[in-house]
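Read through the structure below, which is laid out as structure tokens, and then see the notes.
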Amino acid sequence: MVLLKLKFPFQKRVRLAQGLWLLSWVAMFSGAITFALGVFLKTELHRRSEVMHSMDIHIVPNLLMAVGLASVGINICAGKVCQDSLDPSRFPRWKTFLPPFFCISIFFTFLLMVAVILSYALQPSLEESLKIGLKNGISFYKDTDTPGRCFQKETIDRLQIEFLCCGNTNYRDWFEVQWISNRYLDFTSKEVKDRVRSNVDGRYLLDGVPFSCCNPASPRPCIQYSLLDNSAHYNYEYQTEELNLHNRGCRQALVSYYMGLMNTIGPGVLSVFLLQMTMLVSLRYLQTAMKPVLGQENVEIETEGYILEKGVKESLLEMKTKVMKIIRFTQVGDASAKALTTDPEAAATTSAPEKAATPPG
């Protein structure tokens, strides 16, 4: 049974081709925007790669860039098909090209939906990647003289200043690491010696945070050190007073930032998906409506267009049969080639009687 059949008089076919030509250019522009969104997201993720443990989330911008470029090429071809459909003498050259063209186009179009789904499905992976990456970044904060880590301090400081955050989960994460390099510690000082000796790993730990954790909006001058010592500062109670530090951790800040980008990009990508699907469905109607015209003297006859020549189930079974035939043909070809490669003597023996049976010329 034909699926979604419509009648197309000559004028309706012409208007469909002209409208699709314009739509293909709009869709091509949308594909370019999708590519640009992928590049932007990739750049933003790459900027924070030093505080990310894994790069799984990069599959989303990679998909957007690939689909964006593919969409540009697909819509250029679609525009050419629409243009040639106005001239029945030029349309037949697309007859063998269009079936694989639709398969490839639908595949890349549905990758847009995959990218949107992955952008939300990978949120736990992004959060875990930032959790480990920020933990490592904080622990390497002091290694300004170590190759490969010398810029880690600057990265963390800029991150905390830009995103108004402190630590991984909160400011207390800085209490668990030695974030001041030994180069800047006076080991002749009793205080330094006592702090190092009191720690099992011999680290210099203190209840203090880097300057980049300070909140400039606080009316009180920044308190960086002795954060848990009420007697160290006048009129200060850390249990009840809101500290003049950024309250949220950088992991939460970065996850909120990236998910905000995803939430902004997602509706745009869905719009591109709907536009692309509209263009492909309309192009399918144009293709099937043009079939009866090919080879006819009267090109102004009324024709019928449809999405599928058979029902969905029958079409899927037919496609499955074709794919299985291709797979079997490939396997037989590979097996024959392997047999000839692994057993050259058998091949020579097989060819010898053939030569002997050939009469002399």
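These numbers were taken from a predicted model, which means no experiment stands behind them.
Side-chain contact between Y236 and I223: present, with at least one pair of heavy atoms (C-beta onward) separated by less than 4.5 Å. Proximity of F211 to I161: side-chain heavy atoms (C-beta onward) are separated by under 4.5 Å at one or more points. Side-chain contact between L41 and M262: present, with at least one pair of heavy atoms (C-beta onward) separated by less than 4.5 Å. At a threshold of 4.5 Å between non-hydrogen side-chain atoms, the residues Y171 and N247 do not count as touching. Inter-residue side-chain proximity for C166 and W174 is flagged as met; some heavy-atom pair is nearer than 4.5 Å. Inter-residue side-chain proximity for T169 and L134 is flagged as unmet; no heavy-atom pair is nearer than 4.5 Å. The shortest distance between side-chain heavy atoms of I265 and V60 does not fall below 4.5 Å. The shortest side-chain heavy-atom distance between Q152 and E50 falls under the 4.5 Å cut-off.
The 12-atom threshold is exceeded at NE2 of H58, counting heavy atoms of other residues, nucleotides or ligands nearer than 6.0 Å. The number of heavy atoms from other shown groups lying within 6.0 Å of NZ (K12) is above 12. No more than 12 heavy atoms of other residues, nucleotides or ligands lie within 6.0 Å of NZ in K135, so this atom counts as exposed by the packing criterion. Sparse packing is recorded around CZ of F29, with 12 or fewer heavy atoms of other residues, nucleotides or ligands lying under 6.0 Å away. The local environment of OH in Y120 is crowded, with over 12 non-hydrogen atoms from other residues, nucleotides or ligands closer than 6.0 Å.
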Derivation of the side-chain contact (heavy atoms from CB on, under 4.5 Å) call for L283 and F102: CA-CA 9 Å; L283 187 63; F102 279 114; 4.0 Å; yes
Side chain to side chain donor-acceptor pair (under 3.5 Å) assessment of N62 paired with K42: CA-CA 7 Å; N62 290 343; K42 181 84 172 177; 3.1 Å; yes
From CA spacing to verdict: side chain to side chain donor-acceptor pair (under 3.5 Å), Q287, R284: CA-CA 5 Å; Q287 177 209 7; R284 174 64 176 168; 2.8 Å; yes
CA sep, side-chain torsions, deciding dist, call: S49, M55, side-chain contact (heavy atoms from CB on, under 4.5 Å): CA-CA 8 Å; S49 59; M55 296 298 168; 3.5 Å; yes
Side chain to side chain donor-acceptor pair (under 3.5 Å) between S71 and N75, worked out: CA-CA 6 Å; S71 179; N75 288 295; 3.0 Å; yes
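Tested against P61 for a side-chain contact (heavy atoms from CB on, under 4.5 Å), the candidates L45, T43, L37, V39 yield a single pass: L45.
In terms of heavy-atom proximity, T109 sits nearest to Q276 at OG1-CG, 3.2 Å. The shortest heavy-atom contact between D56 and S125 is OD2-OG, 3.5 Å. Shortest non-hydrogen contact noted between L280 and S105 is CD2-CB, 3.5 Å.
Note on Y285 and F97: same hydrophobic cluster, where clusters join Ile, Leu, Val, Met, Phe, Trp and Tyr whose side-chain heavy atoms are under 4.5 Å apart, directly or indirectly. Both Y258 and L118 sit in one connected hydrophobic cluster of ILVMFWY residues. Membership requires side-chain heavy atoms under 4.5 Å apart, directly or through other members.
Side-chain atoms of Q160 come within 3.5 Å of backbone N or O of G167 as a donor-acceptor pair. A donor-acceptor contact shorter than 3.5 Å links the side chain of H246 to the backbone of C214.
Contact check on R195 versus E191 returns a salt bridge, with a Lys/Arg side-chain nitrogen under 4.0 Å from an Asp/Glu carboxylate oxygen.
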